[in-house]
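Down below is the structure, laid out as structure tokens.
No experiment lies behind these values; they were computed from the predicted model shown.
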Amino acid sequence: MDSNKDFLGSEILQTGKCLLELFRNSLCPEFIRDKDLILFAAPWEEADYRVGLYLYDIRDHSAMATSEVALDDSERRFPPKAVELSYLVFCNETHRFGGVQREQIQALLSEIVRTVYDNPFLERESGETLQICFQQESVEFKIRLWGSFQRPLQPAVYLQAVPVLIESGRKRRVSSVRERSYEMERK
């Protein structure tokens, strides 16, 4: 298999790109002048962006049952793995052109919340539909998370995308029954 093709088809990457595109379309140009100022970023990065999208956790979503995929008459792919992706959407307060003002941060966060509320489902390029919803994280968790970034707690929106199906690479051979004959005897 071509590893570049696998990378570009990554289910997690495609989910992140869909979220990024959703925020770019809803925030630009009214709240943020340029779509390139909304990007994948980590809260500790000092780069030129206004809104960052950061994947901070991947969890098992075993509540969703999946089944094998038939590749052809003689081969089956193992079931995909369903996972939950947790994202942090935050404003960059240290943008080199003066950062984002406190009032702007609150307006941006309001619009991010509205965007998630108005768009509870995302459709990926593959046609797969995902639900996006608010993540209920405790204040203690948020303080520990931001502390791991060496940053004080900042206002942010915590999101979950579910279910993201990660296709299995395992396959198995199957033999289909072509013809069966029965012989019956009288007792």
Side-chain angles (χ1 to χ4, degrees), residues 4-59 61 83-139 141-166:
N4 191 30
K5 180 182 174 194
D6 290 342
F7 178 73
L8 293 175
S10 166
E11 294 87 348
I12 294 173
L13 176 62
Q14 290 306 313
T15 301
K17 284 182 176 181
C18 285
L19 267 175
L20 203 59
E21 195 61 28
L22 175 67
F23 291 124
R24 285 176 173 171
N25 289 336
S26 69
L27 298 175
C28 298
E30 293 177 42
F31 294 90
I32 296 178
R33 173 182 41 85
D34 188 0
K35 288 184 177 188
D36 291 337
L37 294 175
I38 302 171
L39 48 88
F40 293 120
W44 60 85
E45 291 177 336
E46 294 186 21
D48 293 333
Y49 64 94
R50 296 286 184 186
V51 173
L53 179 66
Y54 179 68
L55 174 66
Y56 70 89
D57 197 14
I58 301 170
R59 295 182 190 140
H61 186 69
V83 296
E84 302 172 2
L85 304 180
S86 297
Y87 290 94
L88 178 66
V89 185
F90 63 98
C91 299
N92 182 7
E93 296 182 20
T94 59
H95 188 277
R96 74 176 181 177
F97 297 112
V100 180
Q101 302 299 321
R102 291 288 171 190
E103 288 132 9
Q104 291 173 319
I105 289 173
Q106 292 180 30
L108 277 170
L109 290 171
S110 290
E111 195 57 31
I112 290 167
V113 168
R114 182 184 345 272
T115 299
V116 173
Y117 180 68
D118 289 346
N119 299 281
F121 297 98
L122 282 179
E123 187 171 332
R124 293 191 344 192
E125 290 176 10
S126 63
E128 182 182 356
T129 300
L130 307 172
Q131 180 181 7
I132 56 171
C133 56
F134 297 100
Q135 187 80 336
Q136 301 296 322
E137 302 290 10
S138 69
V139 173
F141 172 84
K142 292 174 184 179
I143 290 170
R144 282 193 322 271
L145 180 65
W146 283 90
S148 72
F149 306 148
Q150 305 300 316
R151 300 274 188 200
L153 178 63
Q154 295 180 26
V157 178
Y158 298 79
L159 301 177
Q160 181 182 61
V162 65
V164 176
L165 299 176
I166 309 293

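R151 and P43 get closest at one heavy-atom pair: NE-O, 3.3 Å. For L88 against A156, the heavy-atom pair with the smallest separation is CD1-CB, 3.4 Å. For the pair L153 and K142, the tightest heavy-atom approach, listed with the atom from each and the gap, is CD1-CB, 3.6 Å. Minimum heavy-atom separation, K35 to E21: NZ-OE2, 4.2 Å. The shortest non-hydrogen separation linking F90 to L53 is CE2-N, 4.3 Å. Nearest heavy-atom pair across E84 and V162 is CG-CG2, 3.5 Å.
Expressed to the nearest 0.5 Å, how far CG of L122 lies from NZ of K17 amounts to 14.5 Å. Here the straight-line distance linking atom CD1 of I32 with atom CD of E111 works out to 10.0 Å at 0.5 Å rounding. Considering CD1 of I105 and OG of S110, their distance stands at 12.0 Å, rounded to 0.5 Å. For the atom pair CD1 of I38 and SG of C91, the computed distance is 9.5 Å after rounding to the nearest 0.5 Å. Distance check, rounded to the nearest 0.5 Å: OH of Y117 to CD1 of I132 gives 13.5 Å. The CG atom of L159 sits 10.5 Å away from the CD atom of E137 when rounded to the nearest 0.5 Å.
For the pair V164/R124, a side-chain contact is recorded, criterion being any heavy-atom separation below 4.5 Å from C-beta on. Counting heavy atoms from C-beta on, the side chains of Q150 and W44 never come closer than 4.5 Å. Taking the side chain as every heavy atom from C-beta outward, Y158 and D57 never approach each other to under 4.5 Å. Two residues are said to be in side-chain contact when any heavy atoms from C-beta on lie closer than 4.5 Å; L109 and V113 fail this criterion. In this structure, the side chains of Q135 and F141 stay at 4.5 Å or more apart for every pair of heavy atoms. You'll find the side chain of Y87 reaches within 4.5 Å of the side chain of L19, heavy atoms only. Between I12 and I166, some side-chain heavy-atom pair lies under the 4.5 Å cut-off.
Ring to ring, Y54 and F149 are close: their centroids are under 6.0 angstrom apart.
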Q: Apply side chain to side chain contact (heavy atoms under 4.5 Å, CB included) to the pair Y56 and L145, showing each step before the final yes or no.
A: CA-CA 9 Å; Y56 70 89; L145 180 65; 4.1 Å; yes
Q: Apply side chain to side chain contact (heavy atoms under 4.5 Å, CB included) to L130 and F121, showing your working.
A: CA-CA 5 Å; L130 307 172; F121 297 98; over 6 Å; no
Q: Evaluate the criterion side chain to side chain contact (heavy atoms under 4.5 Å, CB included) for residue pair D34 and Y49; output intermediate values, then yes/no.
A: CA-CA 10 Å; D34 188 0; Y49 64 94; over 6 Å; no
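Judged by distance alone, with hydrogens and angles left aside, the side-chain atoms of N92 form no donor-acceptor pair with the main-chain N or O of G52 at under 3.5 Å. With R50 contributing its side chain and F31 its backbone, the two residues share no donor-acceptor pair below 3.5 Å.
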